[in-house]
Amino acid sequence: MEPGGVIPQHVAIVMDGNGRWANRRLMPRAAGHKQGVEALIRVVRACVERGIGHLTVFAFSSENWKRPAEEVSGLMSLMLSTVSKHVGRLAEQGVRIRIVGDRSRVSDKVRGAWEEAEQRTVHNSRLVLSVAFNYGGRWDIVQACQRIAAQGVPAQQIDEACLSRHMALAYAPDPDLFIRTGGELRLSNFLLWQAAYAELYFTDCLWPDFDSAELDRALQSFARRDRRFGEVREAALPDQGTAQVEA
Ligand code: FPP
């Protein structure tokens with residue numbers, strides 16, 4: 001079913017549930033992550049078709065290093081194979097790939113693959129796919145503050161706009177819709193600054209099962225939301241004029 005109504009400019013997704021998807025099938029967790037890549041490729045196409053300009057996905061968090069070494073190295077290898085297998089087709093669809101996160105901790109090989117993917121797609125603009133890898137919302141705020149301090153910006157010139165300009169996703173509008181699959185109801189340190197006014201959508205669907213129909217359900221939910229950004233909308237004002245404060 002088509003979503004109808006307002007299409008978000010920027011969708012952010014916490015792709016959770018790969019491990020459980022695999023466990024339920026008595027498969028290794030790595031098989032869940034592999035299917036997770038297939039789901040991501042499906043969802044990118046669906047976003048392109050629906051005219052969504054930015055899709056940002058959480059592929060590896062700052063905290064994911066605590067997973068067993070075998071799973072971490074599996075995710076690194078998956079990143080490499082995903083770049084070589086899928087970047088060509090994504091480029092044909094007009095997708096620009098950007099990697100956001102702390103690049104200092106990944107191997108030269110992974111860093112090189114990212115740079116290649118970014119370079120190959122640099123002239124595309126139909127959809128910007130930002131892959132958050134070794135990313136954390138708190139890391140992002142700290143690195144922005146460090147860069148501002150390193151530039152010697154006077155304290156009175158540091159405001160929200162200044163901080164936004166130094167965040168990892170400075171090139172993108174703030175996410176309008178924040179989706180989390182896998183049934184958990186938390187943000188898990190993803191886009192803490194940028195998601196201040198995002199509409200939240202949680203689904204029990206495990207990420208490898210997520211597809212265009214699931215995306216449309218999220219878009220339909222988004223289209224029904226009344227976004228006020230802290231203001232009181234005209235229609236919501238009571239007749240006698242006592243304004244209510246809305247969050
Ligand atoms: C969370 O599921 C998922 C991740 C930590 C990795 C997400 C990665 C992908 C979808 C594929 C990799 C993407 C690229 C671009 C290489 P989980 O393992 O925490 O699942 P669980 O909660 O069921 O255990």
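In listed order, ligands and their atoms are each counted from 1. Computed from heavy atoms alone, side chains included, the values below leave out hydrogens, waters and symmetry copies.
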If you look only at distance, which donor and acceptor atoms sit under 3.5 Å apart when one is on a side chain in residues 89-100 and the other is two or more places apart or in another chain?
none

Around atom 20 (O) of ligand 1, find the nearest protein heavy atom and jot down its residue, atom name and distance. G19 N, 3.0 Å
Mark yes when over 12 heavy atoms from residues, nucleotides or ligands other than Q143 sit less than 6.0 Å from its CD; otherwise mark no. yes
Taking atom CD of Q151 as the centre, does the number of heavy atoms from other residues, nucleotides or ligands within less than 6.0 Å exceed 12? yes
What protein heavy atom sits nearest atom 6 (C) of ligand 1, and how far off is it? A59 O, 3.3 Å
Which atoms of ligand 1 are found less than 4.0 Å from any heavy atom of M15? 1 (C), 2 (O), 3 (C), 9 (C), 10 (C)
I need the S221 OG to L200 CG distance, nearest 0.5 Å. 10.0 Å
So how far is it from N18 CG to L78 CG, rounded to the nearest 0.5 Å? 9.0 Å
Which atoms of ligand 1 sit under 4.0 Å from any heavy atom of R20? 21 (P), 22 (O), 23 (O)
Atom 17 (P) of ligand 1 - nearest protein heavy atom and its distance: D16 OD1, 3.6 Å
Considering non-hydrogen atoms of the protein only, which is the closest contact for atom 10 (C) of ligand 1, and what is the distance? N18 ND2, 3.4 Å
Counting each atom of ligand 1 from 1 as listed, which ones have a heavy atom of R67 under 4.0 Å away? 5 (C), 17 (P), 18 (O), 19 (O)
Backbone N/O of H10 and side chain of D176: donor-acceptor pair under 3.5 Å: yes
Measure W207 to ligand 1 on non-hydrogen atoms and call it side chain, backbone, both or neither using the 4.0 Å cut-off. side chain
Quick one: look up the protein heavy atom nearest atom 4 (C) of ligand 1 and list residue, atom name and how far away it is. H33 CE1, 4.0 Å
How does R29 reach ligand 1, if at all, at less than 4.0 Å between non-hydrogen atoms: by side chain, backbone, both, or neither? side chain
Ligand 1 contact by G17, heavy-atom criterion under 4.0 angstrom: yes
Just wondering, are more than 12 heavy atoms of other shown residues or ligands nearer than 6.0 Å to CD in E70? no
R126: partners by salt bridge (charged side-chain N to carboxylate O under 4.0 Å, His left out), with sequence neighbours left out: none
Any idea which protein heavy atom is nearest atom 5 (C) of ligand 1, and the distance to it? N64 OD1, 3.6 Å
